[in-house]
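In what follows, chains carry the letters A, B, and so on, assigned in the order in which the sequence lines appear, proteins first and then strands, with residues in each chain numbered from 1.
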Amino acid sequence: DAGITQSPRHKVTETGTPVTLRCHQTENHRYMYWYRQDPGHGLRLIHYSYGVKDTDKGEVSDGYSVSRSKTEDFLLTLESATSSQTSVYFCAIKDRNRTYEQYFGPGTRLTVT
Amino acid sequence: KQEVTQIPAALSVPEGENLVLNCSFTDSAIYNLQWFRQDPGKGLTSLLLIQSSQREQTSGRLNASLDKSSGRSTLYIAASQPGDSATYLCAVTHNQAGTALIFGKGTTLSVSS
């Protein structure tokens with residue numbers, strides 16, 4: 001357990017509404033990641049952060065934005081949710097004290113109707 | 001572009017059998033390789049991490065090997081148990097410590113008693 005929590009754990013929202021998912025870590029890790037997991041596609045990187053206010057895009061970043069104003073929190077925002085963003089979202093950290101092993105949060109199941 | 005493939009996609013074995021899960025990747029310039037376990041509806045649990053300079057890692061009944069030059073890794077599970085039933089995911093990071101994981105689509109293992 002790398003001290004990663006995600007909130008909310010489940011959310012149902014309507015198309016066109018904004019949604020923010022939160023990832024919180026308690027161990028001061030520099031690197032944080034957002035992935036989405038979909039049947040047939042596996043896990044794919046959305047955005048990642050390498051420090052406070054330092055973020056970069058991943059493979060499937062369109063329609064998503066992120067922010068990291070504190071080391072412990074990494075926020076993922078869907079500005080205007082679409083049905084194609086129905087997915088399970090996982091946050092992860094990279095532990096440089098353990099040879100950069102990645103640990104994952106419990107996930108958020110998002111349904112966009 | 002790095003691609004990670006896991007074969008087979010699904011595997012069913014009787015309890016007590018030793019088994020091997022396969023993972024291949026197209027670009028040998030990896031930093032490390034990580035094996036995960038995912039139970040249905042749950043998050044990812046890290047099982048083993050192999051650095052690019054290593055050949056294998058062991059944890060209990062699990063042994064993971066890495067042949068970087070041929071782009072292959074195997075996860076060996078000894079004396080399988082029904083509790084080993086889950087999806088096993090292989091993922092690699094590229095040749096910089098901060099980069100994200102690139103995942104295979106997983107092998108779903110079912111161990112019958």
Visitor: Between Gln102(A) and Tyr35(A), is the side-chain contact (heavy atoms from CB on, under 4.5 Å) condition met? List the steps.
Guide: CA-CA 12 Å; Gln102(A) 283 204 24; Tyr35(A) 295 87; 3.2 Å; yes

Visitor: Take atom CZ in Arg44(A); do more than 12 heavy atoms of anything else shown fall under 6.0 Å from it?
Guide: yes

Visitor: By a 4.5 Å heavy-atom criterion (distance strictly below it), what part of Tyr50(A) contacts chain B: side chain, backbone, both, or neither?
Guide: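 Tyr50(A) has no heavy atom closer than 4.5 Å to chain B.
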
Visitor: Identify which part of Glu59(A) has an atom lying under 4.5 Å from any heavy atom of chain B, answering side chain, backbone, both or neither.
Guide: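 Just its side chain gets close to chain B.
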
Visitor: One thing to verify: whether Arg22(A) and Asp73(A) come together as a salt bridge, which I'm taking to mean a side-chain N less than 4.0 angstrom from a carboxylate O.
Guide: yes

Visitor: Checking heavy atoms, do the side chain of Gln6(B), its backbone, both or neither come under 4.5 Å from chain A?
Guide: neither

Visitor: What salt bridge (Lys or Arg N to Asp or Glu O under 4.0 Å) pairs are there with at least one residue in residues 40-61 of chain B, not counting sequence neighbours?
Guide: Arg61(B)-Asp84(B)

Visitor: So which part of Leu45(A) gets closer than 4.5 Å to some heavy atom of chain B, the side chain, the backbone, both or neither?
Guide: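 The side chain, not the backbone.
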
Visitor: Establish whether Val13(B) and Ile77(B) are linked, either directly or via other cluster members, by ILVMFWY side-chain heavy-atom contacts under 4.5 Å.
Guide: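 Val13(B) and Ile77(B): one cluster.
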
Visitor: Can you tell me if Asn63(B) and Ser65(B) form a side-chain donor-acceptor pair at under 3.5 Å?
Guide: no

Visitor: Please round to the nearest 0.5 Å and tell me the distance separating atom CD1 of Ile30(B) and atom CZ of Phe25(B).
Guide: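 Interatomic distance, Ile30(B) CD1 to Phe25(B) CZ, rounded to 0.5 Å: 4.0 Å.
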
Visitor: Determine the interplanar angle of the Phe104(A) and Phe36(B) rings, folded into 0 to 90°, and report it as parallel if under 30°, tilted if 30 to 60°, perpendicular if over 60°.
Guide: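 Because their plane-to-plane angle is over 60°, the rings of Phe104(A) and Phe36(B) count as perpendicular.
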
Visitor: Quick check on the structure: residues of residues 102-113 of chain B within a heavy-atom distance below 4.5 Å of chain A, by number.
Guide: Phe103(B), Lys105(B)

